[in-house]
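Just so we're on the same page: letters track the sequence lines, and every chain starts at 1.
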Protein chains: 2
Amino acid sequence: MSGHTIRDVARAAGVSYQTVSRVINGNERVADATRERVMTAIGELGYRPNQAARELAGKAVRSLTVLTSDTSLYGNASALRGIEEAARTAGFAVSISVLARNAAPDADELRARLVRPGEPVIVIAFDAAGVRALELLPPEVPVAAVVERPPGVDPGPRHVWLDDRLAAARATRHLLGLGHRTVHHLALPSSTARTAQRTEGWRDALREAGVAEPEPVEGGWTPRSGHLAARSLLERADVTAVLCGNDDVALGVLRAARETGRAVPRDLSVVGFDDMPASAYLAPALTTVRLDFEGLGRTAFGLLRRLLDPSAPAQEPCAEPELIVRESSGPWPGSGPGPAGGTS
Amino acid sequence: MSGHTIRDVARAAGVSYQTVSRVINGNERVADATRERVMTAIGELGYRPNQAARELAGKAVRSLTVLTSDTSLYGNASALRGIEEAARTAGFAVSISVLARNAAPDADELRARLVRPGEPVIVIAFDAAGVRALELLPPEVPVAAVVERPPGVDPGPRHVWLDDRLAAARATRHLLGLGHRTVHHLALPSSTARTAQRTEGWRDALREAGVAEPEPVEGGWTPRSGHLAARSLLERADVTAVLCGNDDVALGVLRAARETGRAVPRDLSVVGFDDMPASAYLAPALTTVRLDFEGLGRTAFGLLRRLLDPSAPAQEPCAEPELIVRESSGPWPGSGPGPAGGTS
DNA sequence: GACTCTTGTGTGAACGGTCACATTCAGCGC
DNA sequence: GCGCTGAATGTGACCGTTCACACAAGAGTC
C-alpha cells in the first residue's frame, strides 16, 4: 500500500504534521535534530508526498505538458527529448499531447486537452498547427514556445528558436562558393503567414551574391513530399543545386535525382537541414546543417521554469547551427569539362 | 477565469453541489431537467473540474506514464504515438519518462519517475533498459508492457508484442527463395538474457531450409552500429544476404557495402526491419518487414485500460508483419549472369 | 390511509497537504 | 524579577472534489 500520510510520519517522528511539512519543503526554521528524526521516519515508512493534495492546497505544481505535432519528425522528437531531460532533472513531470498535423485544434479542444487548468505548457510550434495552438492558448496559462521563427518585431521572452536564417544562409553560401550559378530551394511549409526563416536565409545569401533568385518550391516534411516536389524541379536543366527544408526532404530529392539520371554531386548538389543520425550514411552522405534541437528544448524548459519561478537558474544556451559538408554537394557541373568534377 | 468551483455552478443552477458532481460524473439518478440546468450553468461559467481535488477525493484518475528509452528510435516513437493517440481518445493524460539506454534505473528512481504512487504505467521494453524497468516496477502499480518477446512460458495478460519471429522467418525465406545459400544476420541487442525473437525466426527459416546457420552478429540500433558491424562481415566473400535487425542498421550496412565495392542487390542482398518512412527512398530502396508499432501501442493501452476497468471495450488487434519487397534484395549472385562464384 | 419502494436531492465528512496564525520557551536587557 | 524578542513548533481552517449516508417526495401495494 502506498498510503502513508504526513501525519503518519509525524506520529512516527514524535512531532506535529506541520513540522513534517516544513521538512519536506526544504529549509525553514526546523532544528537540525528534529529534521533528522523526521527524515529517518520518512525513510522508514517509505513515505511519498501526495502530489494531488499538495497541488490542491495551493503549492506550485512541478509538471508541464508538451504540445507537439507528429513526434516521429526528427525536430519534434529531439526537442521533446531535450525538454524531457531538462524537466526530469529539475523534478518536473512531463505530459505530452500530440496535435494532428493538418486539423488545427479549436480553443475548446485545446483547453480540454490540458489536464488541469493552469498547467504550464511548452508548445513545439515548428508547423502551423503548433503556432495556431500557441495562439489559442488562454492567456493565463504559463507557456514557453519552441518556434521556427519569432512572431512579430518583439518576440517577448516566451519564445526560443534556432538561427535558421543564418543556417540557411551558410548552407547557401557553401553552394555558391562551389560555383553554382544559383541555388534552388525546396521549402518546408511555413509555420506562419510569413516566409519561413530558412527561406529568408537562403534568399539573403542569393541576394548578397547578386545571383538569380528563383521561386522557392513549397513542399512537405517527408521524403515522399521531397521526392514529389523534386520530380518537377529536376526537369529543368539549370537546376544544379538544391537546398532542402530538411534531411528527410533531401532524401526524397536524392531519390528523384537517381530516377532522372542526375548523379549527385556531379550533376546536382543537394544540401539538407537538421543532420539526422541517418544522414551521414545515405548514398551519397548528405551535406547538411546540424541543428541543436535538444538544446533548444532544454532552453525552452529553462524559460518556462523561470516564468514560474524567477529565481531559477538560467539555462545554458544551445549550440550554433553548424554546416556539415559531406558527399552530396560538389562544384558546379558547368565549369569542369566532363568527368572532372565530383570527388569530395 | 479558471477558478470556478462546483459550488459556484451549483449556486448558478440552483441546486446543491452534490448534484453538480453527479452531473459531471455521468448519469446517475439526476432528473433530466436538473441535468440540463446544471449543464448550461457549467457552460456559461466555463467551469472545468479541478483534477487535483478530484483525485484527492478518491476518484480514479485517467492518466498514465509511458516509460521508454530513446524516443528518436522509430519503434519507440511509433509505439508512443499509438499509445498517446489511443489514450487521448479515451480521455487519459499521458506522461512520458525517458530511460537512459545503458544505465538501468534502480527501483527508487523508478518510483520517483511516476507522477504519483500507483500511477498506471506502460513500459516500452524493446531493449534491456526497458525490460529491467519492467521488472523493478513495484507490484502494486498497474502496468502494461510493449515487449520484444514475451517473458517465460506464461506471458500473462500484461504484455503485448509483435510476431517478430514470424516476420524474421518470412524475410529470411524471401532471401532463401532468391537462391541465396544462406542468410547472415545482424542482430539487435537482445532485450532479455534469451535470444531475440527476430534471431529465432531467422534461425527457424534457415533450419527449415536445411542450410548453414552462421553465427548472428550482435550490433546496436543505429546506422552507425550497422556500418561498423557490416565492415567485418563483408570481408567474407560468402556473405551474399544480410538480414538486419532494423532499417537503421540496414542503412549502415548499405553504406558499408558501397565502401567495400559490393553492389546491392547484385552482389549483396540487404533486408531490414520496421519499414521506416525513409526506407522506401534509400539507395537502393530497402526491402523490409513492415511492423505495426502504432497498433501495438494502441493494444498496450487497451490492455492497461481493461486492467483498470474490466468493462472497457476491447482494442482491435494490430496488423500482421508484412514483407515489403523493394530494390535491396535480389537473386543469389552465384547463379546469375556475370562471373560465377563468390569472388567477382 | 399507513406501509414500503423507488427516485431525486441535500448534508457532513473525508482525502492529504499548505497556509496563516497561535503558542511555547529560550535568552536577553532593564 | 519583569517584559521583550525571536526561534522552534503546534493548531485550526481551507483547497475542490467525491463518498456514504440521510432525507423528501411521489408511486405502488395492501
Side-chain angles (χ1 to χ4, degrees), chain A residues 1-39 41-42 45-63 91 93 114-119 308-309, chain B residues 1-39 41-42 45-63 91 93 114-119 308-309:
Chain A
M1 215 34 193
S2 54
H4 280 298
T5 84
I6 201 178
R7 286 161 221 259
D8 296 333
V9 176
R11 204 173 308 123
V15 295
S16 82
Y17 55 82
Q18 173 61 357
T19 302
V20 176
S21 176
R22 289 199 182 96
V23 170
I24 292 170
N25 291 295
N27 35 355
E28 258 178 280
R29 298 199 266 257
V30 182
D32 288 350
T34 315
R35 163 173 295 113
E36 192 80 15
R37 256 186 311 151
V38 172
M39 285 301 224
I42 287 179
L45 267 58
Y47 163 83
R48 290 199 3 95
N50 180 322
Q51 204 59 34
R54 186 172 255 189
E55 181 182 347
L56 184 55
K59 187 82 175 182
V61 205
R62 316 203 92 200
S63 74
L114 306 183
V115 191
R116 359 169 186 254
E119 164 108 341
L308 299 170
D309 170 16
Chain B
M1 191 60 189
S2 59
H4 281 297
T5 85
I6 203 179
R7 284 163 220 259
D8 296 334
V9 176
R11 205 173 308 121
V15 294
S16 82
Y17 57 83
Q18 174 61 359
T19 301
V20 176
S21 175
R22 288 197 182 96
V23 171
I24 293 169
N25 292 293
N27 34 355
E28 258 178 280
R29 297 199 266 257
V30 181
D32 287 351
T34 313
R35 163 174 295 113
E36 192 80 15
R37 256 186 312 150
V38 172
M39 285 300 225
I42 288 179
L45 267 58
Y47 163 82
R48 294 208 352 99
N50 179 322
Q51 279 294 348
R54 184 173 254 192
E55 180 184 345
L56 184 55
K59 182 82 176 186
V61 170
R62 319 201 90 200
S63 75
L114 306 186
V115 178
R116 52 197 138 242
E119 164 107 343
L308 299 171
D309 170 17

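Rounding to the nearest 0.5 Å places CZ of B:R54 at 13.0 Å from CG of A:L56. Atom CD of B:Q51 is separated from atom OG of B:S63 by 8.0 Å, given to the nearest 0.5 angstrom. The structure places CZ of B:R22 at 11.0 Å from CZ of B:R35, a figure rounded to the nearest 0.5 Å.
One end of the helix from C:dT4-D:dA27 to C:dC30-D:dG1 points its axis 60° away from the other end's axis, with each axis taken from 5 pairs and the angle rounded to 10°.
For the pair A:R37 and A:G14, the tightest heavy-atom approach, listed with the atom from each and the gap, is NH1-O, 4.1 Å. Nearest heavy-atom pair, A:T5 versus A:Y47, reported as atom, atom and distance to 0.1 Å: C-CE1, 3.7 Å. Counting all heavy atoms, side chain and backbone alike, A:I6 lies closest to A:Y17 at CD1-O, 3.5 Å.
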Each nucleotide of nucleotides 11-17 of chain C classed B (base within 4.0 Å of a protein heavy atom), S (only sugar-phosphate) or -, in 5' to 3' order, makes BB--BBB
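Residues forming a side-chain contact (heavy atoms from CB on, under 4.5 Å) with B:A13 (at least two apart in sequence, or on another chain): B:V15, B:V38, B:A41. In terms of the salt bridge (Lys or Arg N to Asp or Glu O under 4.0 Å) criterion, residue partners of A:R11 (sequence neighbours excluded) are, by chain and number, A:D8.
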Nucleotide N/O of nucleotides 25-28 of chain C paired with protein N/O under 3.5 Å:
none

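Exactly one of B:N25, B:I24, B:V23 qualifies for a side chain to side chain contact (heavy atoms under 4.5 Å, CB included) with B:S21. That residue is B:N25.
Distance B:R29 CZ to D:dA25 C1': 14 Å, rounded to the nearest Å. The separation between A:D32 atom CG and D:dA7 atom P is 14 Å, rounded to whole Å.
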